[in-house]
Amino acid sequence: MEGLTSIRAVPFFTCRPKRSISGTRPISLSLPSSTIVRAQQVAMASESEPIKDELKIKVGEVGLFHNEVAAAQGIKIRRRPPTGSPKHYCVGPFEFRLENEGNTPRNILEEIIWHKDIEVARWREKKPLHSLLKDLQKAPPVRDFVGALRAVNERTGLPGLIAEVKKASPSRGVLREDFNPVEIAQAYESGGAACLSVLADEKYFQGSYENMAAIRNAGVQCPLLCKEFNVDAWQIYYARSKGADAILLIAAVLPDLDISYMIKICKKLKMATLVEVHDEKEMDRVLRIEGVEFIGINNRNLETFEVDTSNTKKLLEGKRGEMIRERDIIVVGESGLFTPDDIAYVQEAGVKAVLVGESIVKQSDPKKGIAQLFSRDISVEI
């Protein structure tokens, strides 16, 4: 996804006041990782509720198994902390937090995924799946997301635009202070966008599912992609209940089996599935998964977080490109698209659609921003 930046994980032992104490500042002490791990083991052994302990162990085993499967497929983003979340202990007025490489995220994407895993678990407790399925009966009809992109591509001869409704990102901060999701969506539609991408993550992108529902209820006709970090099938049903026509699956996060399973759910719901890749290994994995019809190439390197649009061209060359053309897979260019030259470059590489957020949402008039991006008015004349 766009707008991610890296953070460095360093093992450390943090001590801070449990309550506000005048004149007292948090204390940070560096300790060897082995010492921290042993301290965690002692603390875990002191738990007094055996049933609770057993449940924690089972959850941990599932998380470790998932990480092992992911690692075997070359996935570097760990779904959960291998050693569990950092432990918190209270000694007098102080609260201690023990951290090590096993419970500290390596980068911002991993941090988001760990948070999302916990967040979704809480959502599922509040609204179980059987309750959520009832909401689907009241959801608006699904619209053809991929068909809308193809139609604009055929009408204009340019990549179909997925315009992103995004208020902020972890790396860029707030992109637009006067953020009205419905007005922005309407401006995008008026400017010729084929589809819209709506950020649902609240903590890191200041988005929400309610923004998507508001856009849908306002009568915007563009099909909607729910831009969320999906780690559980529950999120698919929830997005559909809020009016989503498509969802995002990130190959850097999800093992092949998860991607395949979620695609099957989406097909039953008649939703589109945009599977996002970042490099050759992810592209090769995704092309082997049955049912993939819609692929996004993110030009952001997940290790360096640098953006290079030549990544799109590299991933569409040779046999990969031939396979994509033979299977009539729609490819979306993502990240680093700010000028008409950028659009022309990825189009020549073979994309039929582009996903653009920052370069148009920051414009005072997003409709004009779209015309500038494509160097011409691509709106539909009425």
Side-chain angles (χ1 to χ4, degrees), residues 1-9 66-79 105-114 159 162 169-171 197 225 227-231 247-260 262-263 273-327 329-338 342 345-357:
M1 293 181 72
E2 285 190 284
L4 301 181
T5 187
S6 62
I7 60 174
R8 186 168 60 94
H66 189 286
N67 285 341
E68 289 174 1
V69 171
Q73 295 177 6
I75 299 173
K76 296 179 180 179
I77 301 299
R78 300 169 296 178
R79 175 73 64 85
R106 295 167 177 163
N107 54 54
I108 189 62
L109 178 56
E110 193 165 83
E111 178 184 334
I112 292 171
I113 294 303
W114 289 6
I162 306 173
S169 75
S171 62
S197 167
L225 167 72
K227 192 74 170 289
E228 172 65 302
F229 298 86
N230 290 299
V231 295
I247 64 155
L248 174 72
L249 301 178
I250 304 176
V253 172
L254 299 169
D256 298 356
L257 190 60
D258 284 4
I259 294 175
S260 178
M262 291 184 181
I263 287 176
T273 311
L274 177 61
V275 184
E276 182 178 275
V277 302
H278 297 81
D279 56 34
E280 297 100 318
K281 289 183 179 179
E282 290 178 7
M283 177 66 91
D284 292 340
R285 279 179 50 218
V286 166
L287 288 175
R288 290 193 295 267
I289 298 174
E290 184 179 353
V292 172
E293 302 172 345
F294 191 29
I295 296 176
I297 298 177
N298 196 322
N299 295 312
R300 189 178 302 279
N301 185 304
L302 286 180
E303 293 184 1
T304 66
F305 288 86
E306 295 178 353
V307 175
D308 182 2
T309 54
S310 68
N311 187 51
T312 296
K313 182 178 180 181
K314 180 172 62 176
L315 267 59
L316 293 177
E317 289 177 334
K319 292 183 178 179
R320 295 187 189 93
E322 292 177 9
M323 186 181 301
I324 286 169
R325 289 188 291 273
E326 288 173 2
R327 291 167 55 179
I329 293 173
I330 287 284
V331 177
V332 182
E334 305 174 25
S335 294
L337 306 177
F338 292 90
D342 294 331
Y345 180 82
V346 294
Q347 180 177 17
E348 186 177 350
V351 307
K352 295 292 180 68
V354 291
L355 191 155
V356 182

Notebook entry, point to check: Heavy-atom count around E280 CD within 6.0 Å, excluding the residue itself: above 12?
Noted result: yes

Note to self: Using only atom types and a distance under 3.5 Å, with no angle test, would you say the side chain of R79 pairs donor to acceptor with the backbone of I113?
What the structure shows: no

Margin query: Please enumerate all residues that pass ring pair (Phe, Tyr, Trp, His ring centres under 6.0 Å) together with F294, with sequence neighbours excluded.
Written below: F145

Note to self: Looking at every non-hydrogen atom in both residues, tell me the closest pair between H278 and E282 and how far apart they are.
What the structure shows: N-OE1, 2.7 Å

Notebook entry, point to check: Taking the side chain from N230 and the backbone from I247, do they hold a donor-acceptor pair closer than 3.5 Å?
Noted result: no

Item checked: Contact summary for V332 and V351, nearest pair of heavy atoms -> C-CG1, 4.4 Å

Checklist line | I250 vs F229 side-chain heavy atoms within contact, under 4.5 Å | finding: yes

Note to self: Show the nearest heavy-atom pair for residues R327 and V292, with the distance to one decimal.
What the structure shows: NH2-O, 3.5 Å

Check: How many angstroms lie between atom CE of M262 and atom OG1 of T273, to the nearest 0.5 angstrom?
Finding: 10.0 Å

Item checked: salt bridge (charged side-chain N to carboxylate O under 4.0 Å, His left out) partners for E293, two or more places apart -> K267

Check: Measuring from L254:CG to I263:CD1, what's the distance to the nearest 0.5 Å?
Finding: 10.0 Å

Next item on the list: Using the test salt bridge (charged side-chain N to carboxylate O under 4.0 Å, His left out), find all partners of R320 that sit at least two apart in sequence or belong to another chain.
Entry: D284

Check: Taking atom CG of L337 and atom CG of D342, what is their separation to the nearest 0.5 Å?
Finding: 6.0 Å

Check: Taking C-beta and beyond as the side chain, do P159 and Q347 meet within less than 4.5 Å on heavy atoms?
Finding: yes

Item checked: Nearest heavy atoms of T309 and G336, plus distance in Å -> CG2-O, 3.6 Å

Notebook entry, point to check: Which value, rounded to the nearest 0.5 Å, describes the distance between I329 atom CD1 and I295 atom CD1?
Noted result: 4.5 Å

Next item on the list: Quick one: pull up NZ in K76 and CD in E110 and give me the separation to the nearest 0.5 Å.
Entry: 12.0 Å

Margin query: Checking the side chain of N299 only, and the main-chain atoms of S335 only, is there a donor and an acceptor separated by less than 3.5 Å?
Written below: yes

Item checked: Heavy-atom side-chain contact between D279 and V277 under 4.5 Å -> no

Next item on the list: Find the distance between CD (E276) and NZ (K227) and round it off to the nearest 0.5 Å.
Entry: 6.5 Å

